[in-house]
Visitor: 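The following block contains the structure, expressed as structure tokens.
Indexing begins at 1, ligand by ligand and atom by atom, following the structure's order.
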Amino acid sequence: MEQNKLSVLVIEDDPEDYILLRTYLSHATRTQFELCHVTSYAEALNTLVEGQFDAVLADYFLEGHTATDLFKHAKLIGLDTPIIVLTGLQAPELDDVLMQLGASDFIPKDELTSALLERSIRHAIERKRSEQKISQLIKRDPLTGLGNRLIFEEHAELALERAKRNQSHVAIAFLDLDRFKNVNDTLGHHVGDLLLTLVGQRISRGIRASDFVARIGGDEFTILLDNIHDLVSLERLCSKILAEVSRPATLDYKQLVVSASMGIAVFPNQGETVSELMRKADMALYECKKNAIDARFLVFSDDLQARLHKETRVENGLQQALDNNEFELHYQPIVNLDDYRIVGVEALIRWRLPDGSLLMPDEFISEASRVGLITPLGEWVVRHAAQQLQDWRAQGFELTMSVNISPRHLLHVSFDELIGNVLQDYHLPPGSLMLELTEEVFVDSGLSSLYALSEARRAGVKVAIDDFGTGYSSMRYLKTLPIDRIKIDRCFVSGGGAEQISDPMITQAIVFLAHGLGFDLVAEGIETEAQALALHQQGCQKGQGYWFAKGLPAKQLTELLVAGKPLA
Ligand code: C2E
Ligand code: CA
Ligand code: CA
């Protein structure tokens, strides 16, 4: 220990004991002690708050208190000066208790010697210092040398306090590298580590002296941007950081393209607490990433809040919606391309929110699948559509009803049972109900899906491949699949937005294929007469699309059926 003059606070109410201590300490051989003497804990606490001491010597008993109280107070005020307790009695059991409370040492007064006391104080100080160093270390990210989450939060707390007092603005930003996993996977963790270190340095260069950066995990960095005056200067700052980070880099002789995205939340506009701001910055980052455009930043806003709110409402509301019967089916006609008469309908689900607005399936089907509600929802669709089909059949309309089945639902253990029951319950003749499944089911999901489909077909339903041409079905494989119909995806029909078919070569090829293999064929997304005519000429028998009709509520579709006219 290079420092040979140590200041020690002595808490001792017995004047004789104090004199004894002072004498011992003055005889110390290697250290010069500067003493400050107080006689009560209350006085001691005041002195501790005000002064800086290297160590504290405290008598165990002091005017109705014990050193235990001292430790509790020391903890409260965040004191980390080492405290050595002296006691007039031999009480070995106290030793453990005091050590647990954080005492650096515990010495019976009758064992005191000058050397013992000096050594005890010096060791206590030494230990405390290395403890502090360790806790400093664990507040650092060992790889980049930046702060870690813990210290970031500490800094952020202080910055918010300051901002509250000065009525100023503070921003918290999350920065995440784009496609960092690729770097790790293709160039190895060694290069990944180098990149993270480099990015840490670049961020540090991009920020102002008053800002603070930490790495809180993987390729995620957080930045505290203090004293933000307005949105424009915040955005300028973020652009600068991103520009600094997103420069090419040469690491380990390899050229790397580096880019990152950022999500930002501002105090006090978007949150009052550090954790709320961090959550929102993270959400903004997630939004940025979702759009898959590199090197972008997004400041959390009320708009984003509203959108996310809607998403959670979707999630929470799904189960309730099922219970409250908020779903409805619309039916889009499938027509014969010879005469434009309705030969079938496709059931398309909608969610009528209590406020009257209508959510489209793209806004909630994948969510329902994620939260495990696709099976009850799918069952609702199948039963509802079957009921409607039964009604129409009773009125004399010979139709095929198509329903969309999610791959998840198909894998449910009692899927084929459901289909069998439905056909029976609604007295539907074989082939009047058709299940539509996207190509991925036939490509990725393996044998259990195919088995479930074969079983359903045996029970008496037909099966269609939906959105055909967008996945990767192998042509060779196609003829062995348990299917009856192919639906040409609308991107080949009206995807280009032009009058004519967008991809006539592909539609023609699919027509040949379907004929060759003996499948029924429907072209989706017919939006113009030219497309309808051309598809008919290519040999496609059936079509569906806005040119004929959109998905309509049952009542309106019934009117069309009753009118019995061609749809165009
Ligand atoms: P899909 O099976 O391909 O259904 C056709 C979608 O294309 C429908 O959108 C329909 O309104 C739309 N559409 C029809 N004709 C045209 C056209 O001429 N031009 C354009 N641009 N679009 C047209 P919708 O109703 O929003 O359904 C979207 C997707 O949601 C459906 O795609 C289907 O995959 C899924 N879906 C719908 N209902 C259900 C359901 O009950 N269960 C499950 N699992 N999925 C469903
Ligand atoms: Ca469909
Ligand atoms: Ca489709």
Visitor: Could you list which atoms of ligand 1 come closer than 4.0 Å to a heavy atom of V381?
Guide: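 That gives atoms 41 (O) of ligand 1.
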Visitor: Look at the side chain of T528 and the backbone N and O of E499, then say whether any donor-acceptor pair between them is shorter than 3.5 Å.
Guide: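 Confirmed, T528 side chain pairs with E499 backbone.
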Visitor: Select one of side chain, backbone, both or neither to describe which atoms of I349 lie under 4.0 Å from any atom of ligand 1, heavy atoms only.
Guide: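 For I349, the contact with ligand 1 is made by both the backbone and the side chain.
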Visitor: Specify whether F364 and F327 have parallel, tilted or perpendicular ring planes, treating 30° as the upper limit for parallel and 60° as the lower limit for perpendicular.
Guide: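 It falls in the tilted class, 30° to 60°.
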Visitor: Give the contacting part of H409 toward ligand 1: side chain, backbone, both or neither, where contact means a heavy-atom distance below 4.0 Å.
Guide: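 H409 to ligand 1: no contact under 4.0 Å from either part.
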Visitor: What protein heavy atom sits nearest atom 18 (O) of ligand 1, and how far off is it?
Guide: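 Checking every protein heavy atom, the shortest distance to atom 18 (O) of ligand 1 gives Y546 N, 2.8 Å.
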Visitor: How about Q537: does its CD atom have over 12 heavy atoms from other parts shown lying under 6.0 Å from it?
Guide: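 Counting other residues, nucleotides and ligands, CD of Q537 stays at 12 neighbours or fewer.
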Visitor: Protein non-hydrogen atoms only, distance under 4.0 Å: does atom 9 (O) of ligand 1 have such a neighbour?
Guide: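 Looking at atom 9 (O) of ligand 1, one finds that no protein heavy atom lies closer than 4.0 Å.
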Visitor: Do other residues, nucleotides or ligands put more than 12 heavy atoms under 6.0 Å from the NE2 atom of H309?
Guide: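 Atom NE2 in H309 is not packed in, count stays at 12 or less.
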Visitor: Looking at R458 and D416, is there a salt bridge between them, counting it only when a charged N and a carboxylate O are closer than 4.0 Å?
Guide: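 R458 and D416: not salt-bridged.
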Visitor: Distance to 0.1 Å, residue and atom name: give those for the protein heavy atom nearest to atom 27 (O) of ligand 1.
Guide: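 Protein heavy atom with the smallest distance to atom 27 (O) of ligand 1: P361 CG, 3.3 Å.
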Visitor: I need the contact type for E346 against ligand 1. Using non-hydrogen atoms and a strict under-4.0 Å cut-off, is it side chain, backbone, both or neither?
Guide: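 Side chain only.
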Visitor: Do any N/O atoms on S494 end up under 3.5 angstrom from N/O atoms on ligand 1?
Guide: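 In this structure, S494 places no N or O atom under 3.5 Å from an N or O of ligand 1.
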Visitor: Atom 46 (C) of ligand 1: which protein heavy atom is closest, and how many Å away?
Guide: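 Here the nearest protein heavy atom works out to N404 CB, 3.6 Å.
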Visitor: Touching ligand 1 at all, G551? Heavy atoms, strictly under 4.0 Å?
Guide: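 The answer is no, since G551 has no heavy atom less than 4.0 Å from ligand 1.
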Visitor: Any ion pair linking R215 and E220 (charged N to carboxylate O, less than 4.0 Å)?
Guide: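 No, E220 and R215 are not salt-bridged.
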Visitor: Starting from atom 15 (N) of ligand 1, locate the nearest protein heavy atom and write down its residue, its atom name and how far away it is, to 0.1 Å.
Guide: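 So the nearest neighbour among protein heavy atoms is Q332 NE2, 2.9 Å.
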Visitor: Could you tell me whether a side-chain N or O of S502 sits under 3.5 Å from a main-chain N or O of V493, the two making a donor and an acceptor?
Guide: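 Yes; judged by distance alone, with no hydrogens or angles, the pair exists.
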Visitor: Check ligand 1 against D362 and write out every atom of the ligand that is under 4.0 Å from a heavy-atom position of the residue.
Guide: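 What qualifies from ligand 1 is 28 (C), 29 (C), 30 (O).
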Visitor: Would you give the length of the straight line joining atom CD1 of I349 to atom CD of E328, rounded to the nearest 0.5 angstrom?
Guide: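 If I round to the nearest 0.5 Å, the distance is 9.5 Å.
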Visitor: Any protein heavy atom under 4.0 Å from atom 32 (O) of ligand 1?
Guide: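 Protein heavy atom within 4.0 Å of atom 32 (O) of ligand 1: absent.
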Visitor: D467 heavy atoms, cut-off 4.0 Å: which ligand 1 atoms fall inside?
Guide: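 Listed by number with element, the hits are 3 (O).
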Visitor: To the nearest 0.5 Å, what is the distance between NE2 on H384 and CE on M401?
Guide: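 The CE atom of M401 is 9.5 Å from NE2 of H384, to the nearest 0.5 Å.
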Visitor: How close does the nearest protein non-hydrogen atom get to atom 5 (C) of ligand 1, and which residue and atom is it?
Guide: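 The protein heavy atom lying closest is E524 OE2, 4.0 Å.
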Visitor: Is the closest basic N to carboxylate O distance between E244 and K240 below 4.0 Å?
Guide: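 Here E244 does not pair with K240 in a salt bridge, since their nearest N and O are not under 4.0 Å apart.
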Visitor: Measure K487 to ligand 1 on non-hydrogen atoms and call it side chain, backbone, both or neither using the 4.0 Å cut-off.
Guide: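 The answer is neither; K487 stays 4.0 Å or more away.
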Visitor: Is a side-chain N or O of Q531 found less than 3.5 angstrom from the main chain of E527, in a donor-acceptor match?
Guide: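 Pair found, side chain donor or acceptor close to backbone of E527.
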Visitor: Does V245 reach the side chain of L177, with side-chain heavy atoms less than 4.5 Å apart?
Guide: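 In contact.
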Visitor: Using a cut-off of 3.0 Å, count how many protein N, O or S atoms are strictly closer to the Ca ion (ligand 3).
Guide: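 Number of qualifying protein atoms: 4.
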Visitor: If you look at E346, which of its N/O/S atoms is nearest to the Ca ion (ligand 2)?
Guide: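 The nearest such atom is OE2.
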Visitor: How are the rings of H412 and H409 set relative to one another: parallel (under 30°), tilted (30 to 60°) or perpendicular (over 60°)?
Guide: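 Answer is tilted, since the angle falls between 30° and 60°.
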Visitor: From R408 CZ over to S366 OG, what is the distance, rounded to the nearest 0.5 angstrom?
Guide: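 So the gap between those two atoms works out to 11.0 Å.
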Visitor: Is the closest heavy-atom distance from R490 to ligand 1 below 4.0 Å?
Guide: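 Yes, R490 has a heavy atom closer than 4.0 Å to ligand 1.
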Visitor: Does the Lys NZ or Arg CZ of K550 fall within the cation-pi geometry relative to Y546 - under 6.0 Å from the ring centre and within 45° of the axis?
Guide: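 Yes, a cation-pi geometry.
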Visitor: Which option wins on minimum heavy-atom distance to atom 19 (N) of ligand 1: E527, E363, H384, Q531?
Guide: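 Selected option, by shortest heavy-atom distance: E527.
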Visitor: Any idea which of D466, D489, T470 brings a heavy atom closest to atom 2 (O) of ligand 1?
Guide: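 The nearest heavy atom belongs to D466.
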Visitor: Can you tell me how far NZ of K542 sits from CD1 of I334, rounded to the nearest 0.5 angstrom?
Guide: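 These two atoms lie 8.5 Å from each other.
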